[in-house]
J.: 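Quick one: structure below, then a few questions.
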Protein chains: 2
Amino acid sequence: MTQIDTKTRLLDAAECLFSQQGFAGTSMREITTVAKANLAAANYHFGCKEDLLSAVLERRLLPLNQARNARIEQVLTEAAEANMRPKTEDLLRAFIEPAMAFCNAGHNSNAFVAIIGRSLTAADPAVRDRFLDLVRPLLTTLHQALCLALPQLPRELVLTRLFFTIGALGHCLCFSSITPLCEPNSSDTHKHRETLTQDLITFVTSGLESPC
Amino acid sequence: MTQIDTKTRLLDAAECLFSQQGFAGTSMREITTVAKANLAAANYHFGCKEDLLSAVLERRLLPLNQARNARIEQVLTEAAEANMRPKTEDLLRAFIEPAMAFCNAGHNSNAFVAIIGRSLTAADPAVRDRFLDLVRPLLTTLHQALCLALPQLPRELVLTRLFFTIGALGHCLCFSSITPLCEPNSSDTHKHRETLTQDLITFVTSGLESPC
DNA sequence: GCCTATTTAAAACGATCGTTTTAATTGTGT
DNA sequence: ACACAATTAAAACGATCGTTTTAAATAGGC
């Protein structure tokens with residue numbers, strides 16, 4: 001068998017269609033058609049549509065958040081060894097860069113980032129809750145780390161500003177998928193994405209470090 | 001007839017349901033049931049579901065954006081009279097405050113803000129395009145005004161940072177509807193919303209004014 | 001009174017939805 | 001070879017969808 005796993009093809013198709021049309025706007029028949037698989041195969045592998053969504057989210061989000069978590073821990077460790085406070089910008093970079101880099105990670109993960117960007121504020125509670133369960137631990141870690149970097153600020157204010165940061169990031173992830181900024185896969189796109197990432201980090205770092 | 005217009009009841013119901021379940025996740029039958037109207041009445045007044053969405057958007061967004069536009073013009077006029085540059089914070093306040101204040105504007109407009117927050121990055125192009133057409137002029141005006149306030153920054157960077165600002169604002173609008181921060185209509189809610197608004201303005205002002 | 005616009009009731013249109021079932025067929029490991 | 005998991009094909013399940021139609025009833029303006 002030279003072609004990809006049916007299960008993987010289903011995940012790829014679901015990811016692509018969910019990102020373009022949303023969860024409610026995508027049918028199981030569309031997914032199986034794009035995946036060139038049988039309609040029954042989807043339910044056979046994933047049970048129901050909502051569990052397919054969970055599988056789509058988990059496949060990318062678990063490793064992504066693991067990478068972000070590792071980078072945050074690294075920033076904290078290096079700061080502790082130097083007997084200094086971690087820098088706000090370093091923490092935010094550890095949180096943002098892996099997500100934005102996902103756009104260029106090959107496969108069709110650039111479709112996935114739009115799902116991330118939208119899931120947090122999704123109207124459908126089924127989407128929102130399944131997503132929130134996957135990111136809550138990371139956000140808690142990041143919040144605590146940011147409080148170390150910004151001891152002069154009330155913890156509650158840091159959390160509020162972290163919310164703003166997430167909003168800005170999510171908006172970026174959505175738009176870089178909706179509106180391909182240049183021709184896809186061109187070096188221009190790469191460069192622009194890197195610029196955009198740095199612009200975002202600069203923006204939210206200033207926002208978070210703003211005096212109380 | 002002591003009760004409200006059928007047309008208005010349909011708009012209210014659609015607004016409420018769209019904000020809670022999204023456009024694709026809400027059926028015409030749900031809307032007419034909540035509105036205590038006949039199913040045929042919805043199509044009679046609005047034609048089709050998409051045009052109903054447009055009507056829902058326009059009812060609140062036109063006056064809201066008109067108010068924001070007037071406040072931006074006022075900031076520009078006062079700055080011109082004083083022979084000074086407009087302040088970034090004043091412009092951002094003119095843009096943000098009316099939207100956030102909408103949460104407490106009575107009727108059920110607090111449901112509407114979630115629609116605003118989500119529409120910009122909606123998966124469904126029908127939703128996104130109809131929304132974008134209603135806000136594009138305002139965003140153009142705001143961008144130009146911000147360039148006057150930040151002449152040291154490239155216009156393109158100002159636009160990028162305005163995108164981040166919109167993302168943070170949209171995220172706020174969504175969450176203040178999803179998670180009622182306190183008991184609704186309590187003075188606590190009012191106070192918290194005002195605090196949140198000021199926190200957001202402080203955050204994005206710092207972000208926009210960050211050195212290049 | 002008459003005209004027109006609203007609104008209701010009820011039913012039907014064809015279409016699509018998520019899911020399940022049944023049967024036959026492939027592939028893989030042992 | 002046998003067993004078991006994966007996959008296909010095709011059909012059907014009941015349900016819901018957006019929209020239209022037909023008919024009757026209700027209101028308000030002139």
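Just so it is clear, the model here is predicted, and its values are computed rather than measured. All chains are named by letter (A, B, ...) in the order of the sequence lines, taking the proteins before the strands, and each is independently numbered beginning at 1.
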J.: Is it true that B:Arg60 and B:Glu15 have a side-chain N and a carboxylate O under 4.0 angstrom from each other?
T.: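 Salt bridge flag = yes for B:Glu15 with B:Arg60.
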J.: Taking for each residue the nucleotide of DNA chain D bearing the nearest heavy atom, is the 5' side occupied by B:Phe23 or by A:Lys7?
T.: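 It is A:Lys7 whose nearest nucleotide is closer to the 5' end.
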J.: Can you measure B:Met28 atom CE to D:dG18 atom C1' for me and round it to whole angstrom units?
T.: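 Checked: the CE to C1' distance equals 7 Å.
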J.: Between A:Ser206 and B:Ser206, does the side-chain hydrogen bond (donor to acceptor under 3.5 Å, both in side chains) criterion hold? Intermediate values first, please.
T.: CA-CA 5 Å; A:Ser206 280; B:Ser206 280; over 6 Å; no
J.: Looking at A:Ser27, does any N or O in its side chain come under 4.0 Å of the phosphate oxygens OP1/OP2 on C:dT16?
T.: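 False: A:Ser27 side-chain N/O out of range (4.0 Å or more) of C:dT16 OP1/OP2.
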J.: Check whether any side-chain N or O of A:His45 sits under 4.0 Å from OP1 or OP2 of D:dA5, and answer yes or no.
T.: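 It does not, given that no N or O in the side chain of A:His45 lies less than 4.0 Å from OP1 or OP2 of D:dA5.
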J.: May I have the distance from A:Glu30 (atom CD) to C:dA15 (atom P), rounded to whole angstrom?
T.: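 Distance, rounded to whole Å: 17 Å.
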J.: Within the structure shown, what part of the strands sits under 4.0 Å from B:Thr32 by heavy-atom distance: base, sugar-phosphate, or nothing?
T.: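 Result for B:Thr32 = nothing.
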J.: Can you figure out which of C:dT19, C:dA9, D:dA9 approaches the side chain of A:Cys48 most closely?
T.: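 Between C:dT19, C:dA9, D:dA9, the one nearest the side chain of A:Cys48 would be C:dT19.
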J.: Could B:Arg128 and B:Asp133 be called an ion pair, given the rule that one side-chain N must be under 4.0 Å from one carboxylate O?
T.: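 No.
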J.: Just the rounded figure in Å: distance from P of C:dA11 to CZ of B:Arg29.
T.: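 Going from CZ in B:Arg29 over to P in C:dA11 covers 13 Å.
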J.: From CG of A:Asn38 over to C1' of C:dT20, roughly how many Å is that when rounded to an integer?
T.: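 These atoms are roughly 12 Å apart.
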J.: When you check the gap from the basic side-chain N to the acidic O, do A:Glu97 and A:Arg68 get nearer than 4.0 Å?
T.: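 No salt bridge links A:Glu97 with A:Arg68.
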J.: In whole angstrom, give the distance that lies between atom CZ of A:Phe46 and atom C1' of C:dT19.
T.: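 In whole Å, C:dT19 C1' lies 16 Å from A:Phe46 CZ.
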J.: I need the CG-C1' distance between B:Leu39 and C:dA12, as an integer number of Å.
T.: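 For the pair B:Leu39 CG and C:dA12 C1', the rounded distance is 12 Å.
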J.: In whole Å, I'd like the distance from the OH atom of B:Tyr44 to the P atom of C:dA5.
T.: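 In whole Å, C:dA5 P lies 7 Å from B:Tyr44 OH.
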J.: One thing to verify: whether A:Asp12 and A:Arg59 come together as a salt bridge, which I'm taking to mean a side-chain N less than 4.0 angstrom from a carboxylate O.
T.: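 Salt bridge between A:Arg59 and A:Asp12, a charged N being under 4.0 Å from a carboxylate O: yes.
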J.: B:Ala37 near the nucleic acid: base, sugar-phosphate alone, or nothing, with a heavy-atom cut-off under 4.0 Å?
T.: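 The residue B:Ala37 makes sugar-phosphate contact but no base contact.
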J.: Would you mind reading off the distance between A:Lys49 atom NZ and C:dT19 atom P, rounded to a whole angstrom?
T.: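 Rounded to the whole Å, the gap is 8 Å.
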J.: So, is A:Thr6 close to the D:dA6 phosphate, meaning a side-chain N or O under 4.0 Å from OP1 or OP2?
T.: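 For D:dA6, OP1/OP2 do not have a side-chain N/O of A:Thr6 under 4.0 Å.
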